[in-house]
Structure formats: structure tokens, C-alpha cells
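Remarks on the structure that follows.
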There are 2 protein chains.
Amino acid sequence: MKRPTIRDVAVVAGVSSGTVSRVLNGKNWVSPEARVAVEAAIRSTGYRVNPHARNLAMSKSNSVAFLLTETQQVLFEDPNFAALVRGTTQALADRDVSSVLIMAGDAAEQARAMSYISAGHVDGVLLAFTSSGGNPLVRRLLDAQVPIVSCGMPVGGFEGRIGSVSADDAHGAVSVVQYLVAQGRRRIATIAGPPDTPGGIARLEGYRRVLASRFDPALVVEGDYTVAGGAAALRTLLAREPAIDAVFAANDAMAVGAIEALQAAGRQVPTDVAVAGFDDNDFATRSTPELTTVRQPFPRISSEMVRVLMELIGGEEPSAITLPTSLVVRGSA
Amino acid sequence: MKRPTIRDVAVVAGVSSGTVSRVLNGKNWVSPEARVAVEAAIRSTGYRVNPHARNLAMSKSNSVAFLLTETQQVLFEDPNFAALVRGTTQALADRDVSSVLIMAGDAAEQARAMSYISAGHVDGVLLAFTSSGGNPLVRRLLDAQVPIVSCGMPVGGFEGRIGSVSADDAHGAVSVVQYLVAQGRRRIATIAGPPDTPGGIARLEGYRRVLASRFDPALVVEGDYTVAGGAAALRTLLAREPAIDAVFAANDAMAVGAIEALQAAGRQVPTDVAVAGFDDNDFATRSTPELTTVRQPFPRISSEMVRVLMELIGGEEPSAITLPTSLVVRGSA
DNA sequence: CTGAAAGCGCTTACAG
DNA sequence: CTGAAAGCGCTTACAG
């Protein structure tokens, strides 16, 4: 009737509940015989540890939050988020820790998130650092000593206080722009990301580094990481400089928008204008032609985020990890 | 240094910890003076209740799972899921209960989900009933007495054992097919959903009911709810019966695929062939022309799911709720 | 290696 | 209306 407790297991196994707890927690101060007896008793009673009791006794929650500081809309439209949520959930599950998705898009939600997290529901938080929108919350979380690791280099002055793991944005941009140059492109424009995002900064810098003295501010337009934003940016670019023959967009969504706008303007991609993106997410293979882009290693980013967070929770110092990207050549450039 | 407990609040307020607990839980057996003193003490100490202690004492978790039995890929591509996850998370947060997203696509994940849930991490489960893929898990959950409510009528023989809330699929289909008839369409085909899904069954039935004696099996093709599947189904339809002048797709994604395939085949939408969908999700406004479709009231579905689940958790019987749909006329039909 | 016991921080009959 | 106390189910020094 009632769910079995550690005590029930103990009587069946003929030991004390302390011993049951020890085998449960993999301590090795237990004799082989006792261990065998306890394991059998666990099976025969159908015992499962009560997480609330364990959490109370150990004062930890065995759970972390994945915090979304963007508007909720964005989340489910952004394949990067999806990959990260999927990847980290998996990596966490492998360690038997659960994860809660927390949406904290507006101030009210952020307040709620803050009280939820600081109440001790989670041991740490995973963050996708896309803009500065979540900064106030991050600051408060930090003040409350909550372990945090972000995907993407922190941009709000949090360097060294939170863990981070990011793709090598600058180098990824360098490699793709070099590729465009090698293909003989002469007027290479870029659609940059928002300047308050790590990708918005570093990818532009990579572009600029390759072009060096040939860098022309007129060929830089800022986008908002959306398909529509990419299309709009492209039109601006075309108005400024009709002779562009290549565009490097700071993410795949904008690259898709650029392709659509280009085609609407009667330009062939890649014949007239080559287009390259960044991310290699679902957008990359949904456009015609498919995108030449820079791949972010999301599975590895996810597992590293989890590893670093666990270290932080364990009391270690925050580390900042950068992972290599790779160039994926498809039809668009 | 150490986080304040109920006891700290009690000494500051000059009462016993039992009284603090009573004001915390909104019991009214507490004098106004005591209440005021406690509330002040809570503020001055910065007290927050420890959820693990509370959960242990009350033996409940104040948390529910949103279970995804589809492959993980599907989730983040499906705007219906996104709307449901968003809506239920919100409704749950309003009641101060948290939610965990659990992906249980393959057998290994289902086993893990089972043990997570039956360990008592959550008080109940929210489910999006899209196919029969999750049936074995649902069955085991039911055996373990876990309260469940699904979106969509249960199809695996779970009627009456789990709560459910769904849009009125049959009536929604009736209204849109009647609309097509009223527009003067004569050869109305349908791309049905998979026959092991509630929508796959009821929407087809609504279509059939309107056509009655004019129903022609040759005009029915089964799709898989994806854009590509919709396009493929449309091509099959066109091969069978080039004279179709309208298509009712069982969801928006397939409707978009149908439009694309139609256009690729040189047919104008809606002039040559009218196309209607079902859902009114993001797909509906991303196609050209935009979709005429049946709106599912996702916000209401979400909040009803939560309400019914809370009832179930509270010991009441499972209820099955059907919510009305509405026809949304845009450019495609 | 193992048991008895204290403690984690709450809730809730039970008296009063 | 309120306090003292038991209980929720674990973990973990502390002895032995």
C-alpha cells in the first residue's frame, strides 16, 4: 500500500537503515554480504529513493535551471536554443540531474525566476547569452551566489564570475570570410548581429580582421538574427552598394533572409552574390540553395556547459571554454 | 551567513514556528497581530521557504512533468507543442507549481522518464497525445497511479482513465469543409493526419460528414503532419485526380506543403485550388498566400489542461473537455 | 564495516 | 488562536 522507505528495505535485508543508505550512495564502507542483501531487498520491495528527503538531508536539489531571458516567442523559433536545451537536458540526465526550463522574458517573469531559483529549487543555472536583456537577473543571481554558466562569452561584465562555453566566433568568421575571398569575391558585405551579443561582436571582428585594409564600413549592416531582419539588412546593403558579390551573415536565419531578398531582387545565389551564414542549424538546410556556413558544435557545447556547471556547483572556479568551429560548404557560396 | 529558517522567523516575530508555518500556508487560525509580526519577520530576515522540506512534510512535489513522447526533433519544430509548453508553463506558474520538460522519445528515455516520475519528482503529467508512440509509457504511468491529462482525446484505450482536453476536431473540420463547399468548390480533397492520432481520426470524419454521399475515397490521402508530407500527399492527389479544386489538410504544416507543391505544379492558390489547414499556428501566416484554417484555442487548452490535472491530483475524477474551434479566413481559400 | 542517533526544515494533529 | 511535539524519509558524523 504505502511506498517502501529505506527502513522497510533495512528490515528485509536485516541491516540498519544507515547501511541501506550507504549502499544507495555507493559508499564503499559496506561489506559485500550486506551490499548483496540490500540490493536484493531493494528489488524485492520495489524501493525508490524519495528525492525530497534526500534533497533536504543533503541540502541540494539535484536539478538545474535552463534560463531563457529572451521573449518566449524567440525560444521556440530559434533552432540554436532547441539544440542547446536538448543537448544539456541529455547531458544532465546522464548525471541523474533534472532540468527545469524557466522563461524569464519580462520583468515579472524575471522576478518570479529569481525567487524560484533562490528558494533553492535548483543548484545552478544554464544560460544562453543572446543579448543583454537578462543582465539584471544574472547580476542578482550572482549576488545570491548562484552558480551560472552561459553559452557564449558573457558580455555584461560578468567575465570571470560565471562559467562560459562558446564556439570560436572570431575564428569561425575568419574562416568563412577567407573562403569567400578565396572564391574570388571582391565586394564582401556582412550582416552583423546585435552589438550587445557575443556573436554580434566577435563575428564582425573576424570579418574585419580578414578584410583588413579593404574593410569598408558601408558594407556592414546590423541585423537582429531573424529571417526578416536579414532580408531587410540585405536590401539596405543593396541600396548602398549594388555591386556586392558576397554576404556573410552572422547567423543562418539572417542568411536565409538575405537569400530570399536577393532572389526577390533578381540576383542569383551564388552566381551573382554568394551568401554564407553562421550556426549550421536547421535553417541551413531549409533554404535553396542550402547554406554554406560555420558549424557550431552544439552537442559538445551542451555537454561542456553541463560539465563546467557541475564543477562550479562543486565549488570550483568558473572556467571559460572555447570550442572550435568548422566550415561547412554547401550551395550558397 | 546561513539561510534563515522558519525558526529564525519565529524568534524574530516572538511566536512559535508552528504559527509561522500557519501564516505561510494561509491558514486562518492565526491572530491578526501574530500574522503582522510574522510577515514583518519574514521580510526582515529575507526568509524563503525551503521547498524540499515542505515537499517532504507534505509528500507532494508541487511540480508536474510535460511529457514528450515524440522524437526530440519533432518537438521544437512543432509550433503546437511550443504553444502548449508555453501556455501550460504559464498556467502552472500562476499556481506556483513548476514544470519539467521530459523527453521520452525512445525506449531508454521512456524507462528513465518512468523512474523519474514514479520516484515522486512530480505530482502529475501533462501529455500531448500525438501518436500511439507513448502508449506503453502511459500505461505504466497509469498503473503507477500517476495523474495524467492529455491534449487531444486519448486514442489508446485510455478513455476515462486520464483527463483530456481537446479542440473540437470534428466540428472544426466540418466548419472548414462547409466553407469550401459554400465557396463553390466541387472536388474537395483532404490530406488526413496519421490514423493513430486523435486529429487524424476526427478531422477526417468531419470532412466525410460534410461530403456525405459525395465522399470519394480517391480524394483522401494520408499525411504525416509535416510540410514535406503535405507536399508529397498533394502530388499523389494530383496524380489521381487532376481536377481537384480544393484541399483540406489536417494541419497547417501539411497545408503549407500542399500550397508549395501546388505552386510547383503550376496551379494558383486559391484561384485554381483552394487550400485550408487546421491549427492556426505559426505556419498559417508564413505561407503565401496565408492560410485559411481552423483555430485551436491553445491558451485555453493549456489552462484547462492544468486545471484538470490539478483536480486529478486533488483526487477528483478525470474529466474530458472539448473546446470550440473557430474558422479563420485568410488568403488560401 | 555497522548501528544508534541527530539533524535537514517544514507541516499538522493534539492539547490547551 | 497557539505551542510543544511528532513525523516526513533520508544522510552522516560518531562510536564501537
Worksheet item: Is a donor-acceptor pair below 3.5 Å formed from side chain B:Arg48 to base C:dG9, judging by atom type as modelled?
Response: no

Rounded off to whole Å, could you give me the [atom1]-to-[atom2] distance for the [X] and [N] pair?
X	N	atom1	atom2	value
B:Leu24	C:dT11	CG	C1'	10 Å
A:Met58	D:dC8	CE	P	21 Å
B:His52	D:dT11	NE2	P	14 Å

Worksheet item: Quick one: on DNA chain D, does B:Gly14 or B:Ala53 contact a more 5' nucleotide (nearest heavy atom)?
Response: B:Gly14

Are OP1 or OP2 of [N] and a side-chain N or O of [X] less than 4.0 angstrom apart?
X	N	answer
A:Lys2	D:dG9	yes
A:Thr5	D:dG9	no
B:Asn55	D:dC8	no
A:Asn25	D:dT11	yes

Fill in: Nearest-nucleotide 5' precedence on DNA chain C, A:Thr19 against B:Leu56
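Counting from the 5' end, the first nearest nucleotide belongs to A:Thr19.
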
Fill in: Pairwise P distance for D:dG9 and D:dA13, with rounding to whole Å
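That atom pair is separated by 23 Å.
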
Worksheet entry | Secondary-structure stems for DNA chain C, with pairs counted as Watson-Crick or G-U when both distances are under 3.5 Å and runs at least 3 long |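 So far as stems of 3 or more pairs are concerned, DNA chain C shows C:1-3 with D:14-16, C:5-12 with D:5-12, C:14-16 with D:1-3.
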
Worksheet item: By side chain to side chain donor-acceptor pair (under 3.5 Å), which residues pair with A:Tyr47, not counting sequence neighbours?
Response: none

Worksheet item: Which nucleotide, D:dC10, D:dT2, C:dA4, lies nearest any side-chain atom of B:Ser31?
Response: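 Minimum distance to the B:Ser31 side chain belongs to D:dT2.
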
